[in-house]
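Here is the structure we will look at.
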2 protein chains.
Amino acid sequence: MAKGSVPSAVINRLCLYHRCLEEIRGAEGGKDKLNYVSSSKIAAMTGINPAQIRKDLTYFGEFGKRGKGYPAVDLLRELEKILGLDRKWSVIIAGAGNLGKALVRYKGFSSRGFLIEGIFDQDPLKIGKKIGHIFIYDVKEMDKFIRAKDIDIGVLVVPAQSAQEVAEKMVEGGIKAILNFAPARIDLPAKIRIHNVDLSFEFEELTYYLSQ
Amino acid sequence: MAKGSVPSAVINRLCLYHRCLEEIRGAEGGKDKLNYVSSSKIAAMTGINPAQIRKDLTYFGEFGKRGKGYPAVDLLRELEKILGLDRKWSVIIAGAGNLGKALVRYKGFSSRGFLIEGIFDQDPLKIGKKIGHIFIYDVKEMDKFIRAKDIDIGVLVVPAQSAQEVAEKMVEGGIKAILNFAPARIDLPAKIRIHNVDLSFEFEELTYYLSQ
DNA sequence: TAGATTGTTAATCGATTAACAATC
DNA sequence: TAGATTGTTAATCGATTAACAATC
């Protein structure tokens with residue numbers, strides 16, 4: 001879809017533009033479907049340089065009209081296509097701790113196309129119970145489950161010590177991408193996409209700036 | 001402390017080095033206190049270029065010995081000083097939802113110097129209750145509380161619509177930094193440090209790569 | 001001394017932004 | 001046409017990395 005390789009900062013900003021356009025659509029009540037939005041309008045809303053915005057978009061196509069701007073609704077749809085938000089994704093969560101629980105109930109999921117198909121834990125006291133309407137299964141079943149249900153994304157919310165092991169089990173099942181909340185670096189075959197979300201880093205960066 | 005301004009990517013990597021050194025200390029059982037660690041050893045563990053590591057460290061001082069490397073324990077302590085991990089920080093959490101609950105119970109806090117002093121919500125059913133051993137207070141009391149207890153860091157886990165308003169209340173109380181989990185951009189005076197952690201962006205970036 | 005590794009410079013690489021021709 | 005705004009080039013800026021003298 002994109003010409004050449006796209007810096008990951010671009011993808012991050014695309015998410016921002018997407019949210020910004022949703023906001024615009026919300027504000028306008030979806031009435032006037034042919035409204036145009038300019039790069040400088042998006043710039044004002046996001047704080048990103050307008051030239052940057054235009055450049056980011058041209059990685060993926062020419063969506064604008066010179067002299068007018070970008071057709072807002074069309075651009076929103078294009079961004080959804082680019083970001084893979086125009087389809088459903090199946091997700092499992094490994095780790096039925098507090099953070100796992102919070103993620104199951106996280107609104108951002110259901111509103112996008114993320115379907116949580118199951119939760120996995122090794123604690124016999126948790127297995128068989130439910131969080132919301134999602135069952136908790138034995139982590140031993142995880143690879144079979146992933147294969148059978150063709151799960152796309154695995155979310156790792158297990159303790160640091162078991163992160164590598166559980167991640168490998170996900171890969172055995174044929175998972176395509178992993179979002180890792182465990183404070184541990186994970187080594188997996190390069191074809192598996194891993195994103196690390198490290199909450200303690202967020203706090204440590206903050207205290208760095210407070211200490212200055 | 002640092003000479004000139006330090007790119008935020010450097011601070012992020014410093015967190016990584018810090019964790020790496022903790023791991024080394026853990027592995028060695030704290031015995032041989034004068035062990036040296038070289039930039040290439042840290043590089044092998046973190047995947048960061050050794051020249052990068054040396055450069056990052058020289059923003060803050062000369063911690064190494066030519067021909068030997070860096071004294072591991074000393075460097076660990078220096079990093080803790082730089083990152084502000086050698087002292088206590090007081091924290092409040094605004095929003096007693098699922099994510100708020102998970103954060104209160106997050107182990108990464110207590111093990112570092114982060115003290116959660118209170119949780120704030122506007123739901124009368126929640127006010128007065130506890131999560132773990134931390135009380136939930138009325139969000140109306142928040143600014144008074146921040147001032148009285150000299151709170152350093154506010155964690156925002158409220159819905160997007162109320163994020164700006166609650167953040168402003170934190171600033172009124174004299175908060176120094178905010179960690180924002182609400183999917184909303186917040187405008188505050190420049191002296192307040194804000195970090196945004198946007199979980200839906202993490203997922204959207206992942207689905208971008210899966211779509212390719 | 002010989003080997004190792006730092007701190008630092010200089011070269012490279014990549015990302016951001018200003019400027020402007022194209023064009024609606 | 002005149003005004004506006006894109007898509008794109010070229011200039012700038014900043015970050016990464018290779019190389020090496022200093023030195024343990």
Side-chain angles (χ1 to χ4, degrees), chain A residues 1-17 20-21 24 32 34-79 82 205 208, chain B residues 1-17 20-21 24 32 34-79 82 205 208:
Chain A
M1 173 172 249
K3 320 165 187 167
S5 94
V6 183
S8 85
V10 172
I11 307 306
N12 203 311
R13 287 193 297 264
L14 251 41
C15 293
L16 201 57
Y17 308 152
C20 175
L21 287 165
I24 288 172
D32 196 342
L34 275 170
N35 266 352
Y36 283 82
V37 60
S38 67
S39 57
S40 54
K41 169 121 194 242
I42 301 176
M45 290 179 72
T46 58
I48 309 270
N49 179 297
Q52 177 91 266
I53 295 171
R54 298 199 296 277
K55 186 117 209 252
D56 288 347
L57 293 173
T58 51
Y59 276 104
F60 299 95
E62 302 194 1
F63 304 123
K65 271 209 176 33
R66 287 163 200 240
K68 307 211 77 180
Y70 299 89
V73 177
D74 291 357
L75 183 57
L76 180 60
R77 262 198 285 266
E78 289 290 348
L79 286 174
I82 294 165
E205 281 173 44
Y208 163 77
Chain B
M1 175 174 247
K3 320 164 187 168
S5 95
V6 183
S8 84
V10 172
I11 307 307
N12 202 311
R13 287 192 299 264
L14 253 40
C15 295
L16 201 56
Y17 309 152
C20 176
L21 287 165
I24 289 172
D32 195 343
L34 275 169
N35 266 352
Y36 283 81
V37 60
S38 67
S39 58
S40 53
K41 168 122 194 240
I42 301 176
M45 291 179 72
T46 58
I48 309 270
N49 179 297
Q52 178 90 267
I53 295 171
R54 297 199 296 276
K55 187 119 209 250
D56 288 346
L57 292 173
T58 51
Y59 276 103
F60 299 95
E62 302 193 1
F63 305 122
K65 270 208 175 35
R66 289 165 199 237
K68 306 211 75 179
Y70 299 89
V73 176
D74 291 356
L75 183 58
L76 180 60
R77 261 198 285 267
E78 288 292 347
L79 286 174
I82 293 165
E205 281 174 44
Y208 163 77

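Just so it is clear: chains get the letters A, B, ... in the order the sequence lines come, proteins before strands, and each one is counted from 1. Keep in mind that what you see is a predicted model, and the values were worked out from it rather than measured. Values reported hereafter were calculated over all heavy atoms of this structure, with side chains retained and with hydrogens, waters and symmetry mates removed.
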(message) Please determine whether a side-chain nitrogen or oxygen atom of A:Tyr70 lies at a distance below 4.0 Å from atom OP1 or OP2 of D:dG7.
(response) yes

(message) What residues from residues 7-17 of chain A pass a heavy-atom cutoff of under 4.0 Å to DNA chain C?
(response) A:Pro7, A:Arg13

(request) Could you state the atom-to-atom distance from CZ of A:Phe60 to C1' of D:dT6 in whole Å? (result) 18 Å

(request) Round to the nearest Å and state the distance from A:Leu75 atom CG to D:dG7 atom C1'. (result) 14 Å

(request) Please round to the nearest 0.5 Å and tell me the distance separating atom CG of A:Leu57 and atom CD1 of A:Ile42. (result) 6.5 Å

(message) Across nucleotides 17-22 of chain C, 5' to 3', mark each nucleotide with B, S or - according to how protein heavy atoms within less than 4.0 Å reach it.
(response) BBB--B

(request) Check for a donor-acceptor pair, side chain of A:Thr58 on one end and backbone N or O of A:Gly61 on the other, with a separation under 3.5 Å. (result) no

(message) Please convert DNA chain C into dot-bracket. A pair counts if it is Watson-Crick or G-U wobble with both distances under 3.5 Å; crossing pairs go in [ ] and bases paired with another strand get |.
(response) ..||||||||||||||||||||||

(message) Could you go through A:Phe60 and A:Leu14, starting from their C-alpha distance and side-chain angles, then the distance that decides it, and tell me whether this counts as side chain to side chain contact (heavy atoms under 4.5 Å, CB included)?
(response) CA-CA 11 Å; A:Phe60 299 95; A:Leu14 251 41; 3.4 Å; yes

(message) What is the distance, to the nearest angstrom, from the CG atom on B:Leu57 to the P atom on C:dG7?
(response) 8 Å

(message) Tell me the interatomic distance from A:Tyr59, atom OH, to D:dT8, atom P, rounded to whole angstroms.
(response) 13 Å

(request) Output the distance between atom OG1 (A:Thr46) and atom CD (A:Gln52), rounded to the nearest 0.5 Å. (result) 9.5 Å

(request) Compare side-chain N and O positions of B:Ser39 against OP1 and OP2 of C:dT6 and report whether any pair is under 4.0 Å apart. (result) yes

(message) Donor-acceptor check, side chain of A:Ser40 to backbone of A:Ala43, threshold 3.5 angstrom: yes or no?
(response) no

(message) So which atom in B:Tyr208 and which in A:Ile82 form the shortest heavy-atom distance, rounded to 0.1 Å?
(response) CD1-O, 3.3 Å

(message) As an exercise, state the distance from CE of A:Met45 to CD1 of A:Ile53, rounded to the nearest 0.5 Å.
(response) 10.5 Å

(message) What is the distance, to the nearest angstrom, from the CD atom on A:Glu62 to the P atom on C:dC24?
(response) 11 Å

(request) State, to 0.1 Å, how close A:Tyr17 and A:Ile48 come at their nearest heavy-atom pair, and which atoms those are. (result) OH-CG2, 3.6 Å

(request) Measure the spacing between OG of A:Ser38 and NZ of A:Lys68 and express it to the nearest 0.5 Å. (result) 12.5 Å

(message) Without decimals, in angstroms, what is the distance between B:Asp56 CG and C:dT6 C1'?
(response) 14 Å

(message) If you compare all heavy atoms of A:Phe63 against all heavy atoms of A:Pro71, which two are closest, and at what distance to 0.1 Å?
(response) O-CD, 3.3 Å

(message) Working to the nearest 0.5 angstrom, can you tell me the gap between B:Lys55 NZ and B:Ser39 OG?
(response) 14.0 Å

